[in-house]
2 protein chains.
Amino acid sequence: MNTLAEENYLKSIYHLSLNDVTVSTNQIAAALSTKAASVTDMLKKLADKELINYEKYQGVTLTPAGEKIALHIIRKHRLWEYFLVEKLNFKWDEVHEMAEEMEHISSVELIDRLDKFMDHPKHDPHGDPIPDRDGNFKKHELKPIASLNVNESGIISGVRDHSPAFLQYLEKQQLTIGKKIAVTDIIEYDNSMILQVENTTTHISREVAKNLLIAI
Amino acid sequence: MNTLAEENYLKSIYHLSLNDVTVSTNQIAAALSTKAASVTDMLKKLADKELINYEKYQGVTLTPAGEKIALHIIRKHRLWEYFLVEKLNFKWDEVHEMAEEMEHISSVELIDRLDKFMDHPKHDPHGDPIPDRDGNFKKHELKPIASLNVNESGIISGVRDHSPAFLQYLEKQQLTIGKKIAVTDIIEYDNSMILQVENTTTHISREVAKNLLIAI
DNA sequence: ATAATTTTTTAGACCTGTCTAAAAAATTTA
DNA sequence: TAAATTTTTTAGACAGGTCTAAAAAATTAT
Ligand SMILES: [Mn+2]
Ligand SMILES: [Mn+2]
Ligand SMILES: [Mn+2]
Ligand SMILES: [Mn+2]
């Protein structure tokens, strides 16, 4: 159907489209750790297949067909991540690279059965929504803890940074998905925040507060 | 590490080596549905990597390193087949193509956890042995039902033909792994065999009898 | 033992996906 | 708005893997 490279480009374009309406050649190159010239080559191929809208120098957007493919890859990625954590007991910081390979397994029937086997999970281990087989999901509105004021609270529901280092740090601080947090103080000097997390008090930097998301 | 193509070649050579000490270029080409010229190209690469012993015109054998890789791919293939049947409820004739893709997922930790998740199965859904992480397995000695005489019996433990058509036929006749069978009669005219399978009587052709294996 | 046939290898081409270097276009700066 | 800078595209090359056609070696038949 589509090559591995094509799938990875479509997925990257989809993710980048969440922040910008149109996605640039250089953004894609950075996301895929490749060179701008290679991206241009691939954009032509994807445009020929009518998976993206592309005018040279104007950046790209996904066509409905391209978005559908991207969402299917993302569905597979997140279902496999859920499987790895819930069934094989991996930690949430260990599963991304494996899922990067597994998301390219092609069988639709397989992924539907996997979905059923796990009781149709709605979110992956990092709080990201899992699209259904038609690509639909309700995008939960999240905001960073950094946007809270003192005495405001919320439930941890996602992360903006998916790096193992960040995820391991959060795990150690018990700042995991589903935990209720409240802001007890904000240090004026560096804008760092003191949080109440269940029975314990935790001090996080502004940087961390920006990358840790709560449900609105 | 190794490319997908290299892994498929090593696996094919391994399987072909079970029937012949040395494996020919044409045999590999047929097994992989490719051309002899392509095989020769790849054999040079695998010989350069010291994964096969290759002298031109002399056929090939796997080196210990090549065999280790082949067994690891086969381990993954069979564990995924077991997963698909036992956990996702696929039928035994549906899983091979999916496993052909899944066997190339690289993580060793993943496959060890999968093995543990399923309680270290010793055989795949077709009765083939699953190598352990070091590539060891006890090769069960099997013989075709065709080698039995009247009144002899055995337990169905494997198949020689893995095609969906054959597997579906066996399923319909209840001739599945683990079933005890006894030969009640052999028809002289065409050498077809009458079997007692639990409470029912089944009539199978010589062709089927040759491809259905019992433990010795 | 020679000829005919089959198997295997070589030669040369092509496709995908990547790269570097250089040219062209767009954007930013002054 | 002209110059400097940045972004993007083009040109040309290369590696992996495949193919067809033809040559070479091995095997089988006569
Ligand atoms: Mn991920
Ligand atoms: Mn995730
Ligand atoms: Mn199989
Ligand atoms: Mn099998």
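Just so it is clear: chains get the letters A, B, ... in the order the sequence lines come, proteins before strands, and each one is counted from 1.
- When the P atom of C:dT9 is taken as reference, atom CD of B:E55 falls 11 Å away, rounded to whole Å.
- OP1 or OP2 of D:dT10 has at least one side-chain nitrogen or oxygen of A:K44 nearer than 4.0 Å.
- Minimum atom distance to the side chain of B:A37 is reached by D:dA21, of the listed D:dA21, C:dT8, C:dC19.
- Among the atoms of the strands shown, base atoms are found under 4.0 Å from some heavy atom of B:T40.
- No side-chain donor-acceptor contact under 3.5 Å links B:N26 and B:S24.
- Closest to the B:K35 side chain, of the nucleotides D:dC19, C:dT20, C:dT8, is D:dC19.
- Taking the centre and axis of the six-membered ring of A:F117, the NZ or CZ atom of A:K87 falls inside the cone set by 45° and 6.0 Å.
- Judged by distance alone, the side chains of A:S106 and B:E101 do bring a donor and an acceptor atom under 3.5 Å apart.
- Remark: P of C:dA26 and NZ of A:K56 are 10 Å apart, rounded to the nearest angstrom.
- Atoms CD (B:E6) and P (D:dG16) sit 9 Å apart, rounded to a whole Å.
- Between the CG atom of A:L32 and the C1' atom of C:dC19 there is a distance of 15 Å, given to the nearest Å.
- Between the side chains of A:Q168 and A:D93, at least one donor N or O sits under 3.5 Å from an acceptor N or O.
- One finds no side-chain N or O of B:K45 lying less than 4.0 angstrom from the OP1 or OP2 phosphate oxygen of D:dG16.
- Between the CG atom of A:N26 and the P atom of C:dT28 there is a distance of 13 Å, rounded to whole Å.
- Residue-level contact check: A:T25 touches the backbone only, with heavy atoms under 4.0 Å from sugar-phosphate atoms and none from bases.
- Looking only at atom types and distance, the side chain of B:Q58 has no donor-acceptor partner in the side chain of B:T22 under 3.5 Å away.
- The ring-ring contact (aromatic ring centres under 6.0 Å, His included) analysis of residues 86-115 of chain B, with sequence neighbours excluded, yields the pairs B:H77-B:H96.
- The nearest heavy atom of DNA chain C to B:Q27 and to A:S33 marks one nucleotide each, and the one closer to the 5' end goes with B:Q27.
- The shortest distance between the side-chain N/O atoms of B:Y9 and the OP1/OP2 oxygens of D:dG16 is not below 4.0 Å.
- B:S38 has no side-chain polar atom (N or O) that falls below the 4.0 Å cut-off from OP1 or OP2 of D:dG17.
- Counting to the nearest Å, the P atom of C:dT18 and the CD1 atom of A:I28 are 13 Å from each other.
- Checked by atom type, the side-chain pair B:T61/B:N53 shows a donor-acceptor distance below 3.5 Å.
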Using atom names, set out every protein N or O paired with an N or O of nucleotides 22-25 of chain C below 3.5 Å, distance rounded to 0.1 Å.
| unit_1 | atom_1 | unit_2 | atom_2 | d |
| --- | --- | --- | --- | --- |
| C:dA25 | O4' | A:Y57 | OH | 3.4 |

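- Atom CE in A:M42 sits roughly 8 Å away from atom C1' in C:dT16 (whole-Å rounding).
- Applying the 4.0 Å criterion to OP1 and OP2 of C:dC19, one finds that A:T34 has a side-chain N or O inside that range.
- For the pair B:L4 CG and D:dG17 C1', the interatomic distance rounds to 11 Å; values are reported in whole Å.
- In terms of phosphate contacts, B:S24 brings no side-chain nitrogen or oxygen within less than 4.0 Å of OP1 or OP2 of C:dT7.
- Taking the six-membered ring wherever Trp is involved, the centroid distance between the rings of B:F83 and A:F83 falls below 6.0 Å.
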